[in-house]
Amino acid sequence: MTVIVVGGGIIGLASAYELAERGSNVMLLERNSVGAENSIRTGGGIRAQFGTEINVRLSKASIPVWESFAERFGVNPDYRRPGYLFLARTTETAAELRENVALQNDLGIESEYLDPESARKHCPGLHSENFVGAAYCGTDGYLDHHRAVQGYHEAALDAGVEIRTGSEVVDLQCRDGRVVGVDTPEESFKTDVVINAAGAWGGRIAGMAGLNIPIAPKRRQLLIVKPERPVPDDTAWTADLDAGAHFRPDSGGRALVGGIEDPDDSPVDPERYSHRHDAAWAEDVLERAAAVADYVSPATNILNGWAGLYAMTPDGHPILEESIPGLVNAVGFSGHGLMHAPAVGAVVAELTLDGTAETVDVSVLTADRFDGQNPLAEHTVF
């Protein structure tokens with residue numbers, strides 16, 4: 001089978017690799033360079049603490065790949081696992097965390113609900129008096145997203161994937177309700193199947209086949225700071241869900257800090273947005289982070305900062321399906337594409353070659369869920 005993958009981020013690379021490993025003739029087309037967009041503008045989080053079964057299952061299927069990544073792909077992703085610590089200021093958020101932990105435990109995830117004082121074990125500088133409850137999972141963590149992209153890039157090439165960079169898809173060829181090829185400014189290609197893994201451009205690519213799928217590119221920002229009190233490397237990735245601030249260690253006592261949406265959280269043009277962090281946003285998020293723990297303050301020295309895009313759907317879950325014959329959509333990951341890429345790559349190959357997914361049942365992730373009452377809601381998106 002001949003397959004064209006549109007998009008050279010982590011989802012596109014993982015999908016291309018899995019398809020080639022199963023014998024497909026795969027070409028990947030990327031408008032920029034491989035991994036140059038939002039796959040490298042992430043914090044690198046890998047976690048199983050989610051509030052919906054499908055997200056937990058995607059994490060469960062992906063984590064073993066991250067654990068064995070160095071052996072399997074020959075690239076060490078520097079996978080660190082100090083855990084994730086979610087914090088609640090209100091009884092309502094605390095109740096949600098209890099429900100999430102119960103769901104996670106039922107699915108085999110060893111998370112636990114904690115009182116605020118017990119949470120200090122995983123974040124010693126925590127202002128525990130500001131919170132009413134917490135949830136922690138010690139197997140959550142983060143990795144080097146550059147190395148993750150590198151590993152999948154090299155593996156895809158080794159598996160025989162033809163990767164063309166600087167090759168923007170400007171149209172999809174359709175005949176009798178089926179996608180049969182793609183057009184770039186330079187040339188056109190026929191194919192059996194197109195994989196839409198275009199991230200923030202995913203809605204645009206789907207629109208070329210006459211589909212209207214709800215993907216909104218939303219700007220999100222991160223900082224690297226030098227705290228007044230160094231953050232120990234074994235501190236959990238700590239997230240204040242009510243105030244909208246989170247941080248994790250970034251080696252050498254530094255911290256990665258993020259949270260709170262842009263004041264104007266309207267969708268942006270993925271080709272025309274600022275990649276720099278905003279000074280006013282940085283001031284706000286540092287003030288919020290200072291109320292979580294005593295590592296940072298509003299005067300903390302900012303070493304670096306940037307902005308990237310989340311390809312958001314209305315419910316914070318991806319669209320993962322063969323939407324019409326010849327077009328598989330793997331888009332709208334809402335900030336979770338990196339952590340779920342191994343499972344998604346396998347699922348895309350299964351949907352393409354077998355017609356159904358076995359690695360994870362993704363039947364709840366079809367786009368028709370947005371036509372009626374939405375059954376999915378993920379509140380731990382940050």
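Quantities reported herein were computed from a predicted structural model and do not represent experimental measurements. In what follows, every heavy atom counts, from backbone to side chain, and hydrogens, waters and symmetry copies are set aside. Index from 1, following the sequence.
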Any salt bridge linking [X] with [Y]? Criterion: basic side-chain nitrogen under 4.0 Å from a carboxylate oxygen.
X	Y	answer
Arg80	Asp250	no
Lys218	Asp265	yes
Asp278	Arg219	yes
Arg98	Glu112	no
Glu350	Arg22	no
Arg57	Asp361	no
Glu187	Arg164	yes
Glu67	Arg81	yes

Quick check against the 3.5 Å criterion: does [X] have a side-chain atom that pairs as donor or acceptor with the backbone of [Y]?
X	Y	answer
Asp284	Arg288	no
Ser118	Leu114	no
Ser68	Arg72	no
Ser24	Val26	no
Asn196	Ala198	yes
Ser59	Arg47	yes
Thr313	Gly316	yes
Asp192	Thr2	yes
Glu322	Gly326	yes
Asp294	Arg229	no

Within the 3.5 Å criterion, strictly below it, is a donor on [X] or [Y] matched to an acceptor on the partner's side chain?
X	Y	value
Asn100	Gln49	no
Thr90	Thr93	yes
Ser297	Glu228	yes
Glu30	Thr165	no
Thr235	His122	no
Asn32	Glu37	yes

[X] atom [atom1], neighbour heavy-atom count above 12 within 6.0 Å:
X	atom1	value
Glu287	CD	no
Asn212	CG	no
Glu283	CD	no

Just wondering, do [Y] and [X] contact through their side chains at under 4.5 Å, heavy atoms?
X	Y	result
Glu99	Gln104	no
Ser111	Phe86	no
Glu186	Val170	no
Trp306	Ser274	no
Asp78	Leu143	no
Val292	Asn130	no
Arg369	Asp315	yes
Thr352	Met1	yes

Checklist entry - Could you go step by step and tell me if Val344 and Phe333 meet the side chain to side chain contact (heavy atoms under 4.5 Å, CB included) rule? => result CA-CA 10 Å; Val344 171; Phe333 287 89; 3.5 Å; yes
Checklist entry - Is there a side chain to side chain contact (heavy atoms under 4.5 Å, CB included) between Val182 and Gln173 once you walk through the steps? => result CA-CA 5 Å; Val182 305; Gln173 301 170 21; 5.7 Å; no
Next on the checklist: Does Leu103 form a side chain to side chain contact (heavy atoms under 4.5 Å, CB included) with Val101? I'd like the steps, not just the answer.
Outcome noted: CA-CA 5 Å; Leu103 169 69; Val101 167; over 6 Å; no
Item to check | Atom pair CD/CZ of Gln221 and Arg41 - distance to nearest 0.5 Å | outcome: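 If we round to the nearest 0.5 Å, Gln221:CD and Arg41:CZ are 12.5 Å apart.
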Checklist entry - Looking at CZ of Arg89 and CZ of Phe131, how far apart are the two atoms once the value is rounded to the nearest 0.5 Å? => result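 That separation rounds to 4.0 Å.
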Checklist entry - Looking at Val257, Ile224, Leu286, which hits side chain to side chain contact (heavy atoms under 4.5 Å, CB included) with Ile302? => result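 Only one option passes, and that is Leu286.
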Next on the checklist: As a test of understanding, state which of Ile205, Val331, Leu327 forms a side chain to side chain contact (heavy atoms under 4.5 Å, CB included) with Val6.
Outcome noted: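 Single pass found, and it is Ile205.
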Hphob cluster co-occupancy, [X] + [Y], side-chain heavy atoms under 4.5 angstrom:
X	Y	result
Met208	Leu211	yes
Trp201	Ile213	no
Val225	Leu256	no
Trp281	Tyr273	no
Met339	Tyr136	no

Please report the closest heavy-atom contact between [X] and [Y], naming both atoms and the distance.
X	Y	result
Gly332	Ile215	N-CD1, 3.9 Å
Leu126	Pro116	CD2-O, 3.8 Å
Pro227	Val296	CB-CG1, 4.0 Å
Ile10	Ala341	CG1-CB, 3.6 Å
Ala20	Val161	CB-CG2, 3.6 Å
Cys137	Ile109	SG-CG2, 3.8 Å

Checklist entry - Does the pair Ile4 and Phe189 meet the rule for a side chain to side chain contact (heavy atoms under 4.5 Å, CB included), with working shown? => result CA-CA 9 Å; Ile4 290 178; Phe189 303 95; 3.5 Å; yes
Tell me if the centroids of the rings in [X] and [Y] come within less than 6.0 Å of each other.
X	Y	value
His336	Phe50	yes
Tyr152	Phe69	yes
Tyr84	Trp237	yes

Item to check | Residues Thr356, Asp354; criterion side chain to side chain donor-acceptor pair (under 3.5 Å); working and verdict | outcome: CA-CA 6 Å; Thr356 188; Asp354 307 327; over 6 Å; no
